[in-house]
Structure formats: C-alpha cells, structure tokens
Asker: 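Pasting a structure here, questions to come.
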Amino acid sequence: AQSVTQLGSHVSVSEGALVLLRCNYSSSVPPYLFWYVQYPNQGLQLLLKYTSAATLVKGINGFEAEFKKSETSFHLTKPSAHMSDAAEYFCAVSRNEKLTFGTGTRLTIIP
Amino acid sequence: KAGVTQTPRYLIKTRGQQVTLSCSPISGHRSVSWYQQTPGQGLQFLFEYFSETQRNKGNFPGRFSGRQFSNSRSEMNVSTLELGDSALYLCASSLGLPNPRINTEAFFGQGTRLTVV
C-alpha cells in the first residue's frame, strides 16, 4: 500500500526565512505525488505535483519540491516565507485516482 | 472556468437522521471523489466515481453511499447519522480516464461542514 509521512505537525518560521516541509513516501511503483495547501474553513488547493517528468517541480506561490528516489522524499520548500503562507500543508500520493494524505503540517509565520 | 461546487456549505443534523451532500465537478471532468476530514483521523478517502460507476471505495461503513449522474454531478448520502460523522466532507473533481492507473489532478471544492448533534 502506498503512504506518505509528514515529519513535524507544526513548523514555525520567520517572515523572509526558508520554508522546508518534509514528506517521505512509501510506494512500490513510481508514485504520483502532490502537495496541497488548506486555509482555514477552505478546501484543498493544489500547490504542485510530481508525475516523473522532472525531479524538481515548481508550483504556485513560489513553492517547489524535489523528488529524491534514493531518499524516498518529496520535501516542499520556499526560499522566503510570507505571512500569507500560514496554512496547513498536506503531502499526498495517488493510486487509481485515490489520494492518500499525510497527517498535515501546520505552518506558522512569525512576523 | 467554474471550480468544484459543493452544497450546502454548512449543515447541522440530529443523530439518527440522514443527509445528502452535493458536488458539481469542473466542466468536462468525469471523475468525482469524496473525502472525510476530521481532527482525529485526518483526510480519509470515501469513494470515487467515474462515468456513473463507483470504481474505488474506502474503508467506511455501508451507511456512507454515493452516486454519480450522467452530467458527472455527484451526491453523497450518510444514513443513521452518528456523532462521529461530524466532519468536513470534501469533494474532488478530476479529468479522469478509463484506465484509473493513469492518475489525473484532483481539484477540491470548499467542502461541506457537517455537524451532528
């Protein structure tokens, strides 16, 4: 079965600092991997996706993620945090159109 | 292009009642999936429909059911509501392909917040 593990349920960074949210996956076949963001009382918004075309994936709002097969990781990064980045972030793996989500990481931005 | 529309946004029901939630996918999308989000269990997959057929089902009791219409709109029904069914129910729409092994991007609606009292 495919799964993802997100390390750190809460991450705090200062405004302007690097954002790093960790995700490790478990999959016996090349995975479809996604990062989603959720703002309070909202649905999920797709940030970026990995579908084996390129290992470095650029998404919306300045986020990017690098697929590392040797480390089974797909960490999300942003060079400079903005106050508007405060939200919950979910890593997910897809199989047969079924998304399996990690437990989420709540990102807090310190002014 | 309109996004995924879920109705209603908020719902309060009493234990033992039943409820129906609605989802209108993005135009042209044929796959609709439903997820339950709770603080304790996180995001869990309920089921996926493609061309009016349920292709995949999560580990939920039979009280949870769904259907998809010919225009791809979907409904989810929960019968005999329990307090533990209180959750945010999210609908996701994707292009969908006959071969489900080719995964397509899922776009989510804003969800229906169900409270069972």
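Hydrogens, waters and symmetry mates play no part in the numbers below; they use all other heavy atoms, side chains included. If you're wondering where the values come from, they're calculated on a predicted model, not measured in any experiment. Within every chain, numbering begins at 1; the chains are lettered A, B, ... in the order of the sequence lines, protein sequences first and strands thereafter.
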Asker: Do A:Ile60 and A:Leu107 sit in the same hydrophobic cluster, where Ile, Leu, Val, Met, Phe, Trp and Tyr count as joined when their side-chain heavy atoms come under 4.5 Å apart?
Answerer: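 Yes, one cluster joins them.
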Asker: To the nearest 0.5 Å, how far apart are CD in A:Gln38 and CG in B:Leu43?
Answerer: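 CG of B:Leu43 is found 6.5 Å from CD of A:Gln38.
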Asker: Calculate, to the nearest 0.5 Å, the distance between atoms CG and OG belonging to A:Leu46 and B:Ser94 respectively.
Answerer: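 That separation rounds to 11.5 Å.
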Asker: Are A:Val4 and A:Leu21 grouped together when hydrophobic residues (ILVMFWY) are joined by side-chain heavy atoms under 4.5 angstrom apart?
Answerer: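 Hydrophobic grouping puts A:Val4 with A:Leu21.
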Asker: For A:Lys69, is the NZ atom crowded, meaning more than 12 foreign heavy atoms sit under 6.0 Å from it?
Answerer: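 No - once you tally the heavy atoms of other residues, nucleotides and ligands closer than 6.0 Å, there are 12 at most.
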Asker: Just wondering, more than 12 heavy atoms not from B:Arg73 lying within 6.0 Å of its CZ?
Answerer: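 Count over threshold, so yes.
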Asker: Are B:Phe69 and B:Leu21 in one and the same hydrophobic cluster, where Ile, Leu, Val, Met, Phe, Trp and Tyr link if side-chain heavy atoms are under 4.5 Å apart?
Answerer: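 Cluster IDs for B:Phe69 and B:Leu21 differ.
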Asker: Identify which part of A:Thr103 has an atom lying under 4.5 Å from any heavy atom of chain B, answering side chain, backbone, both or neither.
Answerer: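 Contact with chain B is absent: no heavy atom of A:Thr103 under 4.5 Å.
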Asker: Is it the backbone or the side chain of A:Lys98 that comes under 4.5 Å from a heavy atom of chain B, or both, or neither?
Answerer: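 Both backbone and side chain of A:Lys98 come within 4.5 Å of chain B.
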Asker: Residue by residue, scan residues 32-41 of chain B and write down, ordered by number, those that have a heavy-atom distance under 4.5 Å to chain A; if none do, write 'none'.
Answerer: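 Residues of residues 32-41 of chain B touching chain A at under 4.5 Å: B:Ser33, B:Tyr35, B:Gln37.
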Asker: Can you pull out the residues in residues 105-117 of chain B with any heavy atom less than 4.5 Å from chain A?
Answerer: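 Listed by number, the contacting residues are B:Glu105, B:Ala106, B:Phe108, B:Gly109, B:Gln110, B:Arg113.
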Asker: Cluster question for you: counting only ILVMFWY and a side-chain heavy-atom cut-off of under 4.5 Å, with indirect links fine, are B:Leu46 and B:Val19 together?
Answerer: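 Yes: a chain of side-chain contacts under 4.5 Å links B:Leu46 to B:Val19.
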Asker: Is atom CD1 of B:Ile12 surrounded by more than 12 heavy atoms (other residues, nucleotides or ligands) closer than 6.0 Å?
Answerer: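 Incorrect, the count does not exceed 12.
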Asker: Is it the case that one hydrophobic cluster holds both B:Val78 and B:Phe60, taking links as side-chain heavy atoms less than 4.5 Å apart, direct or via other members?
Answerer: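 Linked within one cluster.
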Asker: More than 12 non-hydrogen atoms from neighbouring residues, nucleotides or ligands closer than 6.0 Å to CG on B:Asn59, yes or no?
Answerer: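 Incorrect, the count does not exceed 12.
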